[in-house]
There are 2 protein chains.
Amino acid sequence: MSTTVAINAREETALVSAGDTNSPCCVPAHGQEALEAAAAEALAARFKALADPNRLRILSIVSSSPEAETCVCDLSEPLGLGQPTVSHHLKIMVEAGLLNREKRGVWAYYSLVPGALDSLAATLAPKA
Amino acid sequence: MSTTVAINAREETALVSAGDTNSPCCVPAHGQEALEAAAAEALAARFKALADPNRLRILSIVSSSPEAETCVCDLSEPLGLGQPTVSHHLKIMVEAGLLNREKRGVWAYYSLVPGALDSLAATLAPKA
DNA sequence: ATAATATATCGACGAACGTCGATATATTGA
DNA sequence: TCAATATATCGACGTTCGTCGATATATTAT
């Protein structure tokens, strides 16, 4: 059964298979469906969280901070963005499962969800 | 000089460093700038190409095809998209450096650019 | 030359996105 | 209790995106 395109990395569907399949041109091998629509939607949602330069910079800053956590006040200035905008980006990444949010006192500290980026990377390069 | 956030994987900037840095909260260590704006823009552009469910399905189909190449006619039907839309998605991924386009006769064959996905994956998980 | 076919490009339209200023909520200190 | 501060949420805006139908381009066969 190696004709299925799904290869699991942390119980999620991989983008590329190790793959050999057989189908002549213009006679698509219907029945395996490649990446399921629902799985594609879920994966795309996570990549969408990475598809903005400011969010990538936020991830970079958060990951390189002392305790690998950052409060909003540290982000607004270096990014040149307003505080509401930064909060908005953070929320998107929390909802995408990339960042954790911990509120201590008046501050909100954000940190990388361990393994989140790795699991996304595994989706792109199943073996490496 | 391990304070720089940049770690190169295939001559491009990684998202997360192996990183330790020193900066007390709310006293951002300006001067290292985390991910440069330009680099972030470039990286985001590539993730943007992955941030659509139909494009992910196209990648999946292309990568699991006989010779790992596919013509447009094979994509339109299984995706349930019009031909112009498929062409549009393919163009985006070619411009993002993810797909190759080779025209043979009337057909256009698309294939994965070797290493493109891996290099993107390396950006997310520098070591693994 | 003409017809048929595969693909690309164009123009339009609605939906989603990034950003902002204004405001609401919550916590701390006087 | 009241003021100050950090963050979240809201509403609005211009821009970008995904999709489509119509059309243009190119290649092959008649």
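What you see is a predicted model, and the numbers here were worked out from it, not measured in a lab. Proteins get letters first, then strands, A, B, ... in listed order; numbering begins at 1 in each.
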Identify whether B/Leu124 and A/Val94 are in the same connected component of the hydrophobic contact network (ILVMFWY, side-chain heavy atoms under 4.5 Å).
-> yes

Measure the CZ-CG distance between A/Arg46 and A/Leu117 for me, rounded to the nearest 0.5 Å.
-> 9.5 Å

Assert: residue with more 5' nearest nucleotide on DNA chain C, out of A/Gly80 and B/Leu90, is B/Leu90

B/Leu99 CG - C/dA8 P separation (whole Å) | 12 Å

Residue pair B/Asp52, B/Ile92: steps toward the side chain to side chain contact (heavy atoms under 4.5 Å, CB included) verdict | CA-CA 11 Å; B/Asp52 177 272; B/Ile92 287 177; over 6 Å; no

In whole angstrom, give the distance that lies between atom CG of A/Asp52 and atom C1' of C/dC17.
-> 9 Å

Do A/Arg101 and A/Tyr109 meet the cation-pi criteria used here (NZ or CZ under 6.0 Å from the six-membered ring centre, within 45° of the axis)?
-> no

Closest to side chain of A/Val106, choosing from C/dT19, C/dT28, C/dG18 = C/dT28

In whole Å, what is the span from the CH2 atom of A/Trp107 to the P atom of C/dT25?
-> 22 Å

Reckon A/His89 touches a base, only the sugar-phosphate, or nothing at all at heavy-atom distances under 4.0 Å?
-> sugar-phosphate

Using a cut-off of strictly less than 4.0 Å, decide whether B/Thr85 has a side-chain nitrogen or oxygen near OP1 or OP2 of D/dC20.
-> yes

From NZ of A/Lys91 across to C1' of D/dC10 the rounded distance in Å is 10 Å

Contact nearer the 5' end of DNA chain C, comparing A/Arg104 with A/Pro84 = A/Pro84

Do the side-chain N or O atoms of A/Tyr110 get closer than 4.0 angstrom to the phosphate oxygens (OP1, OP2) of D/dA6?
-> no

Looking at D/dT27, D/dC20, C/dA8, which one has an atom nearest to any side-chain atom of B/Leu81?
-> D/dC20

B/Val72 has a side chain; which of C/dC17, C/dA8, D/dT9 sits nearest to it?
-> C/dA8

Nearest to the side chain of A/His88, which nucleotide is it out of C/dT19, D/dG21, D/dA6?
-> C/dT19

Write down the distance between CG (B/Leu79) and P (D/dC20), rounded to a whole number of angstrom.
-> 11 Å

Taking atom P of D/dC17 as reference, at what distance in whole Å does atom CE of B/Met93 sit?
-> 15 Å

State whether B/Lys103 places a side-chain N or O below 4.0 Å from either non-bridging phosphate oxygen (OP1 or OP2) of C/dT7.
-> no

Any chance the side chains of A/Arg55 and A/Ser60 put a donor and an acceptor closer than 3.5 Å?
-> no

In Å, rounded to the nearest 0.5 Å, how long is the span from CG of B/Leu112 to CG of B/Asn100?
-> 9.0 Å

Give a yes/no answer on whether the side chain of A/Ser87 brings an N or O atom under 4.0 Å of OP1 or OP2 in D/dA8.
-> yes

Is any side-chain N or O of A/Arg101 closer than 4.0 Å to OP1 or OP2 of D/dA8?
-> yes

Donor-acceptor pair present, B/Gln83 side chain and C/dA8 base, under 3.5 Å = yes

Output the single nucleotide from C/dC17, C/dT7, D/dT5 whose closest atom is nearest the side chain of B/Cys73.
-> C/dT7

Checking D/dT7, C/dA6, C/dT19 against the side chain of A/Ala108 (C-beta onward), the nearest is D/dT7

Round to a whole Å and report the spacing from CD of B/Glu102 to P of C/dT7.
-> 13 Å

Rounded to the nearest Å, what distance is computed from the CG atom of residue A/Leu75 to the P atom of nucleotide D/dT7?
-> 9 Å

Counting any heavy atom closer than 4.0 Å, what does B/Arg55 reach on the DNA or RNA strands: base, sugar-phosphate only, or nothing?
-> sugar-phosphate

